[in-house]
**Student:** 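One structure is given below, represented as structure tokens, and several questions about it will come after.
Because only heavy atoms are used, hydrogens play no part in the values below, and waters and symmetry mates are left out as well, while side chains stay in. Because the structure is a prediction, the values reported are computed rather than measured.
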There are 2 protein chains.
Amino acid sequence: MTNLFVEKLRGYSPLDEEDVAGLLALTARPRLVKTRHDLIREGDRPGPVFVIMEGWACRYKVLPSGTRQVLAFLMPGDACDLHIGLLAEMDHSIQTITPAQVVTIDRVDMDRLMAQRPAVARAMYIAQLVDEGTMRAWITSMGRRTSIERVAHLMCELYLRARDIAITGEQSLALPLSQVLLADALGMTSVHINRVLKELRVAGAMTLNRGSLEVSDPAKLVRIAGFDDGYLHRRSRTA
Amino acid sequence: MTNLFVEKLRGYSPLDEEDVAGLLALTARPRLVKTRHDLIREGDRPGPVFVIMEGWACRYKVLPSGTRQVLAFLMPGDACDLHIGLLAEMDHSIQTITPAQVVTIDRVDMDRLMAQRPAVARAMYIAQLVDEGTMRAWITSMGRRTSIERVAHLMCELYLRARDIAITGEQSLALPLSQVLLADALGMTSVHINRVLKELRVAGAMTLNRGSLEVSDPAKLVRIAGFDDGYLHRRSRTA
DNA sequence: CGCTCATTTGATCTATTTCAAGTTGTGTGG
DNA sequence: CCACACAACTTGAAATAGATCAAATGAGCG
């Protein structure tokens, strides 16, 4: 099993053997977390940095009305905020979507590694900038894209992110997101998500079925979404 | 004229004289930028960090359709991303909304100050976390709040942020945002913004007129917005 | 004064939500 | 292998928030 955290960071900055060794040492002991378990909750005092090694999770907020907004999807290799420990309380929660292998890294250890290994620090900072860019893309989606564009855009994003850590098939991806969850992420109703998915299927762009995304016509999907991968900052990649 | 960048950072971490002296040295030479001028554009190679010392600006993206999404409002004391220089290109643009005094800080100088003055580094990191929290709040607004809640929520946010740098009046704030701009920020039409503003006015919660926000009934505004200031992480503040 | 730009109002239209039933799929125990 | 329970998905009809189109009003400015 390759270490997808390393894989992801390697995409942002070249890492030498010692960089990798340092990262492997910090991520050696993941623990298994079951589905729908809150890793941390809004209002909690943040602790160590954690990294999803396997499985999926999401950041979310619950509103007074009880509705929920998903703020980000975390896939293998993704981490929570680097400096999260500086805050008095979390302003959102993080929950697993599938069973997941999660590693927690002590702030001190992380700081030491970053001080000793500039390439690791660089990659971590870039990862954070990409997370921010992703949030901006989400704001843009919510504010100015139609529902079908929004769905298509999210699928493009997830597919590319997954490709960068090599967990995709030819034109497919294991995507364990229910329609309710997608609705909570995209500011829609699950009912409407369902109709939009059908529309995308009929259009021959993509199919989402039983936890699996099939991108039948990538060009069409990108066109529908108006997708521009700039915000993922993948430029230096070779793949 | 107090230095509002220092004022803002002081809210996140106590700063001693030398911390402040270092910050003052880096922000001594602002330049005047006129209204509606792009400080940096999507696709540009990022340069030095810059800080708005006076006036307002916004981050935004333009979609293929020509519509625009405002991603954040920058008020005096606000800075662009700390590590922005690590990226190959900007994924969004930043434009002034009013004439503004803007300072650019060389990456090297900033890094040196942060290395020498841990309190400054701490405050800068917290500022970045607050920016992220703010983006999450915007995503939540766009996804799950009605238009009136969205407008009210944004006004609450701006008022509190402005209060932290002491540029507010009793229950008022100089807010140079046109209805078109607000529409671009909140994913609405300017026509609809107009109606919502009227509704808030009639409800006796707030009035936005000629660049001035009057919060006639703060409690009511907060109630309408369902506002919780947690994401601004102001807990340590005394004010 | 006459121009321009921002705001306001009205009338119509449409995307999306809401509510309410079904249908399909999946795992479990008999 | 079947029956049952439970979750996820699908579809239709009615209601509504917000967009769009069009036009009027008002303020600031050379």
**Student:** Quick one: which protein N/O atoms are closer than 3.5 Å to N/O atoms of nucleotides 15-17 of chain C? Pair and distance per line, please.
**Tutor:**
{"unit_1": "C:dT16", "atom_1": "OP1", "unit_2": "A:Ser147", "atom_2": "N", "d": "3.2"}
{"unit_1": "C:dT16", "atom_1": "OP1", "unit_2": "A:Ser147", "atom_2": "OG", "d": "3.4"}
{"unit_1": "C:dT16", "atom_1": "OP2", "unit_2": "A:Ser147", "atom_2": "OG", "d": "2.8"}
{"unit_1": "C:dT16", "atom_1": "OP2", "unit_2": "A:His192", "atom_2": "NE2", "d": "3.4"}
{"unit_1": "C:dT17", "atom_1": "OP1", "unit_2": "A:Gly187", "atom_2": "O", "d": "3.3"}
{"unit_1": "C:dT17", "atom_1": "OP1", "unit_2": "A:Thr189", "atom_2": "N", "d": "3.4"}
{"unit_1": "C:dT17", "atom_1": "OP2", "unit_2": "A:Thr189", "atom_2": "N", "d": "3.4"}
{"unit_1": "C:dT17", "atom_1": "OP2", "unit_2": "A:Thr189", "atom_2": "OG1", "d": "3.3"}
{"unit_1": "C:dT17", "atom_1": "O5'", "unit_2": "A:Thr189", "atom_2": "OG1", "d": "3.0"}

**Student:** Applying side-chain hydrogen bond (donor to acceptor under 3.5 Å, both in side chains), name anything that partners A:Thr67, two or more places apart in sequence or on another chain.
**Tutor:** A:Ser65
**Student:** Let me check something: any side-chain donor-acceptor pairs from residues 126-141 of chain A under 3.5 Å, sequence neighbours excluded? List them with distances.
**Tutor:**
{"unit_1": "A:Gln128", "atom_1": "NE2", "unit_2": "B:Glu132", "atom_2": "OE2", "d": "2.8"}
{"unit_1": "A:Glu132", "atom_1": "OE2", "unit_2": "B:Gln128", "atom_2": "NE2", "d": "2.8"}
{"unit_1": "A:Thr134", "atom_1": "OG1", "unit_2": "A:Val130", "atom_2": "O", "d": "2.7"}
{"unit_1": "A:Arg136", "atom_1": "NE", "unit_2": "B:Asp91", "atom_2": "OD1", "d": "3.3"}
{"unit_1": "A:Arg136", "atom_1": "NE", "unit_2": "B:His92", "atom_2": "ND1", "d": "3.2"}
{"unit_1": "A:Trp138", "atom_1": "NE1", "unit_2": "A:Glu157", "atom_2": "OE1", "d": "3.1"}
{"unit_1": "A:Thr140", "atom_1": "OG1", "unit_2": "A:Arg136", "atom_2": "O", "d": "2.8"}
{"unit_1": "A:Ser141", "atom_1": "OG", "unit_2": "A:Arg145", "atom_2": "NE", "d": "3.0"}

**Student:** Is the shortest side-chain N/O distance from A:Asn194 to OP1 or OP2 of D:dT10 below 4.0 Å?
**Tutor:**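 For D:dT10, OP1/OP2 do have a side-chain N/O of A:Asn194 under 4.0 Å.
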**Student:** Please state how far atom CZ in B:Arg36 lies from atom P in C:dC5, giving the value in whole angstrom units.
**Tutor:** 10 Å
**Student:** Rounded at 0.5 Å granularity, tell me how far CD1 in A:Ile40 sits from CD in A:Gln95.
**Tutor:**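 It is 13.5 Å, given to the nearest 0.5 Å.
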**Student:** Tell me which donor-acceptor pairs under 3.5 Å the side chains of residues 177-196 of chain A have, and how far apart each pair is, sequence neighbours excluded?
**Tutor:**
{"unit_1": "A:Ser178", "atom_1": "OG", "unit_2": "A:Val180", "atom_2": "N", "d": "3.4"}
{"unit_1": "A:Ser178", "atom_1": "OG", "unit_2": "A:Leu181", "atom_2": "N", "d": "3.2"}
{"unit_1": "A:Gln179", "atom_1": "OE1", "unit_2": "A:Asn194", "atom_2": "ND2", "d": "3.0"}
{"unit_1": "A:Asp184", "atom_1": "OD1", "unit_2": "B:Arg144", "atom_2": "NH2", "d": "3.0"}
{"unit_1": "A:Asp184", "atom_1": "OD2", "unit_2": "A:Arg68", "atom_2": "NE", "d": "3.3"}
{"unit_1": "A:His192", "atom_1": "NE2", "unit_2": "A:Ser147", "atom_2": "OG", "d": "3.1"}

**Student:** The criterion is side-chain hydrogen bond (donor to acceptor under 3.5 Å, both in side chains); which residues satisfy it with A:Ser172, sequence neighbours excluded?
**Tutor:**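 So A:Ser172 forms no side-chain hydrogen bond (donor to acceptor under 3.5 Å, both in side chains) with any residue.
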**Student:** What's the CG-C1' distance between B:Asn209 and C:dT8, to the nearest Å?
**Tutor:** 12 Å
**Student:** What does the inter-axis angle of the helix from C:dC1-D:dG30 to C:dG30-D:dC1 come out as, five pairs per end, nearest 10 degrees?
**Tutor:**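 One end axis against the other gives 40°.
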**Student:** Verify the contact: side-chain N or O of B:Lys198 to OP1 or OP2 of C:dT9, cut-off strictly under 4.0 Å; return yes or no.
**Tutor:** yes
**Student:** Side chains of residues 212-229 of chain A: which donor-acceptor pairs under 3.5 Å do they make with residues two or more places apart or in other chains?
**Tutor:**
{"unit_1": "A:Ser216", "atom_1": "OG", "unit_2": "A:Ala205", "atom_2": "O", "d": "3.3"}
{"unit_1": "A:Asp217", "atom_1": "OD1", "unit_2": "A:Ala219", "atom_2": "N", "d": "3.4"}
{"unit_1": "A:Asp217", "atom_1": "OD1", "unit_2": "A:Lys220", "atom_2": "N", "d": "3.1"}
{"unit_1": "A:Lys220", "atom_1": "NZ", "unit_2": "A:Ala203", "atom_2": "O", "d": "2.7"}
{"unit_1": "A:Asp228", "atom_1": "OD1", "unit_2": "A:Gly230", "atom_2": "N", "d": "2.9"}
{"unit_1": "A:Asp229", "atom_1": "OD2", "unit_2": "A:Arg234", "atom_2": "NH1", "d": "3.3"}

**Student:** According to salt bridge (charged side-chain N to carboxylate O under 4.0 Å, His left out), who are the partners of B:Arg59, at least two apart in sequence or on a separate chain?
**Tutor:**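 Per chain and number, B:Arg59 pairs via salt bridge (charged side-chain N to carboxylate O under 4.0 Å, His left out) with B:Asp81.
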**Student:** Assign a letter to each nucleotide of nucleotides 23-30 of chain D from its 5' end: B, base within under 4.0 Å of a protein heavy atom; S, sugar-phosphate only; -, no contact.
**Tutor:** -----S--
**Student:** Taking atom C1' of C:dT24 as reference, at what distance in whole Å does atom CD of A:Gln179 sit?
**Tutor:** 12 Å
**Student:** How close do B:Leu82 and B:Val49 get, counting heavy atoms only, and between which atoms?
**Tutor:** O-CG2, 3.4 Å
**Student:** Under the salt bridge (charged side-chain N to carboxylate O under 4.0 Å, His left out) test, which residues partner B:Asp44, sequence neighbours left out?
**Tutor:**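 B:Asp44 satisfies salt bridge (charged side-chain N to carboxylate O under 4.0 Å, His left out) with no other residue.
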**Student:** Does B:Thr98 have any side chain to side chain contact (heavy atoms under 4.5 Å, CB included) partners at least two apart in sequence or in another chain, and if so, which?
**Tutor:**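 Result, side chain to side chain contact (heavy atoms under 4.5 Å, CB included) vs B:Thr98: B:Trp56, B:Pro176.
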**Student:** CG of A:Leu181 versus P of D:dA7: gap in Å, rounded?
**Tutor:** 16 Å
**Student:** Which residues pass the salt bridge (charged side-chain N to carboxylate O under 4.0 Å, His left out) test with A:Arg41, sequence neighbours left out?
**Tutor:** A:Asp38
